[in-house]
Amino acid sequence: MYSGAAAAAAGPPRRDFISVTLGPEEAVGVGGYNNSKAWRRRSCWRKWKQLSRLQRSVILFLFAFLAVCGVISYTSMGEAWKSITNKSLDEQRTEQEIPGLKLANPAVLPAPQKADANHGDYPELSLQKPPKPPHVRRGPSNLQIKAPRRDVRLKTRHDTIRAVEELVEADKVEKTEKSIISWRGAVIEPDQSTEPPSSKIKEPEKPSSVEAEDQKEPVPINERQLAVIEAFRHAWKGYKDFAWGHDELKPLSKSYSEWFGLGLTLIDALDTMWILGLKEEFEEARKWVANDLVFDKNVDVNLFESTIRILGGLLSTYHLSGDSLFLEKAKDIGNRLMPAFKTPSKIPYSDVNIGRGTAHPPRWTSDSTVAEVTSIQLEFRELSRLTGDEKFQKAVDEVMKHVHTLSGKNDGLVPMFINTNSGQFTHLGVYTLGARADSYYEYLLKQWIQGGKKENELLEDYMRAIEGVKKHLLQRSEPKKLTFVGELAHGHFSAKMDHLVCFLPGTLALGAHNGLAADHMKLAEALIETCYQMYAQVETGLSPEIVHFNLHAQKGHRDVEIKPADRHNLLRPETVESLFYMYRFTGDKKYQDWGWEILQNFNRYTRVPTGGYTSINNVQNPSNPEPRDKMESFFLGETLKYMFLLFSDDIDLINLDKYVFNTEAHPLPIWVPA
Ligand code: DMJ
């Protein structure tokens, strides 16, 4: 409005200026909003026409210049913007792949790998698609495809295991909360509160099992274990039908034999029944113990045999079942055996009259057997711990301390006899790992383990003895070059090995498992192969009582030779026992397979159809192995128990870091479990 009025007032416009004269329509805005757009277009064109050529050229030039500038600046700004955007995406991806490691040390990041590079290890990861930039797709971030660094990888595996464990744990807790205590030997855990006995009388200790009994789901029993259960039931049927409450079954004559008259087989078998889960049989046997087992009897018993079988059996059954009946009985027999220690030397007599409270050596000598007086310690020490009465432990510890100081050893190897008056070794110069010395070595190690690996003298004696074995008793046979343990008699080596020596591979393996020299395990592996060959090279596939190894290759001769007087088999456990330890510590299934062969051969040659198994006189005659008509109590106490444990893959079925087996296969708690 202002410009038009001024121009009208000033006369004709100067050409240097653009003047706009408003007409009446324009001034009043006739035609409304829509019409004004067309009007504006027409008006602009008119004005453009009114400009001079110079003015139009300048304006066009300015437009062209601005357009060129615009194109140039758009190109360079675009580059800068693109690089900013890309950088931020890279940073985001790096953070996503290695959380917490963002740019910290880019040099250690793995080189990109193909998606299938880790297919074997991480199939689930290799199947993932590459991550898309976050702006492409929203939602949960993708898993990375790159192989994680080793530490990250381990963490991933660990986390997965943890996650699974947590789930299992949660599941277990739920099940445990719901479950009623199940009757299964397999779920037994010893009480963590086991402690060494103090020197004063105190409150009795609790059994090792009951509180933790239902912490774990039982591992299902496999076919081979079922075969052991079947064998046990068959043996038990014979005992029940023809020898109930007596010491041993005579399966052929369908009768029994008495040794101590204390139901030896029944007591020896109690914890086996518990471990095998044979509830009915166990309950029946328990009733007999409660109502019929009487120790107040005018009877001579062998201190060693009644300690390892009766005292050991009662103590372990008490631990597994938590039933105080067994502890009461253990105390009773333990007290009745104590008179054996009343000797001038404190080395116990071999025999005790448990009714009269008197003890004596065998009729023909005042000697005791070294293995016998040094293989009662686990049981008496445990009795002290449970009762709080130190007298039991004191008596047996004194024997060990005394033997530790004795002269007459040969590089840790002990003679077979010890005199109860003088306390000295007798019959010097004969060294064996077999009968009369065997479990001395076994109990050195096992007492050390039982007591929490603190009693150094025991360990010292054990280590020295194994060195003695290596130095004096190890040889290799021909043709198979089997490593065996022979005997030394007055400087002469004999290539004779008792089946009893086959406890040694298991003991060596147990020592190695407890941190002793690794070469003990190597020796154990070699020796268990030999023990297996003592079965495999014989016609029935069953070992004789004693073998002689060939030291020189002879055509047509095996490694193993058997003398007529030695070809019996008493259903002994030692090889199966060692197979069990070897399998537990190595996981090598060949040990289970060897044990399975042995079980089948027991079934083939020693099983009596009417019930029970029998010792045989001739392992070399498959068509007539000459049954002896006797089932030793250790067949149920040890052989079948170790078979069952050997075939199990559950390391918690009598965990060897929590229990130590006595020499009759009765597990006793380790006082300070690992
Ligand atoms: C068992 O009584 C014990 O294993 C003992 O240590 C040796 N003899 C028999 C088994 O052979």
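For reference, positions follow the sequence shown, starting with 1. Note that this is a predicted model, so its numbers are computed, not measured.
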- Task: Determine whether the side chains of R572 and T639 contain a donor N or O and an acceptor N or O closer than 3.5 Å.
- Result: no

- Query: Among side-chain atoms of H499 and T575, is any donor-acceptor pair under 3.5 angstrom?
  - Reply: yes

- Query: Does the side chain of T663 pick up a donor-acceptor pair with the side chain of E442 at under 3.5 Å?
  - Reply: yes

- Main-chain N/O of G412 paired with R464 side-chain donor or acceptor, under 3.5 Å: no

- More than 12 foreign heavy atoms under 6.0 Å from NZ of K391: is that the case here? yes

- Query: What is the distance from atom CG of L386 to atom OG of S324, rounded to the nearest 0.5 Å?
  - Reply: 12.0 Å

- Query: Do S578 side-chain atoms and C502 backbone N/O form a donor-acceptor pair below 3.5 Å?
  - Reply: yes

- Message: Side chains of E382 and H319 only: does a donor on one sit below 3.5 Å from an acceptor on the other?
- Response: yes

- Indicate yes or no: does E284 engage K240 in a salt bridge with an N to O separation below 4.0 Å. yes

- Task: Would you mind checking if E283 and K287 are paired as a salt bridge, meaning a charged N to carboxylate O distance below 4.0 Å?
- Result: no

- Task: Keeping the roles fixed (side chain from Q592, backbone from D588), state whether a donor-acceptor pair exists under 3.5 Å.
- Result: no

- Message: Checking side-chain polar atoms at under 3.5 Å, does Y441 have a donor or acceptor matched by the opposite partner on D461?
- Response: no

- Message: Any donor-acceptor pair under 3.5 Å linking the side-chain atoms of E248 with those of T265?
- Response: no

- In this structure, are over 12 heavy atoms from other groups packed under 6.0 Å from R584 atom CZ? yes

- Determine the interplanar angle of the F282 and F326 rings, folded into 0 to 90°, and report it as parallel if under 30°, tilted if 30 to 60°, perpendicular if over 60°. tilted

- Message: In the structure I gave you, are the side-chain heavy atoms of L445 and L516 within less than 4.5 Å of one another anywhere?
- Response: yes

- Message: For W594 and Y591, take the angle between the two ring planes, folded into 0 to 90°, and tell me which bin it lands in: parallel under 30, tilted 30 to 60, perpendicular over 60.
- Response: perpendicular

- Message: Under 3.5 Å, is there a donor on one side chain and an acceptor on the other for H234 and N603?
- Response: no

- Message: Under a 4.0 Å threshold between the charged nitrogen and the carboxylate oxygen, would K630 count as salt-bridged to D247?
- Response: no

- Flag the pair D389 and K331 as a salt bridge only when some basic side-chain nitrogen lies within less than 4.0 angstrom of an acidic carboxylate oxygen. no

- Taking atom types as modelled, is there a side-chain donor on N662 or E379 under 3.5 Å from an acceptor on the other? yes

- Note on the structure: Across all chains, not counting sequence neighbours, the ring pair (Phe, Tyr, Trp, His ring centres under 6.0 Å) partners of Y581 are none

- Side-chain H-bond candidate by donor/acceptor type, D271 with S316, under 3.5 Å: yes

- Tell me yes or no: between the side chains of E328 and Y318, is some donor less than 3.5 Å from an acceptor? no

- Report yes or no: do Y583 and K589 form a side-chain donor-acceptor pair below 3.5 Å? yes

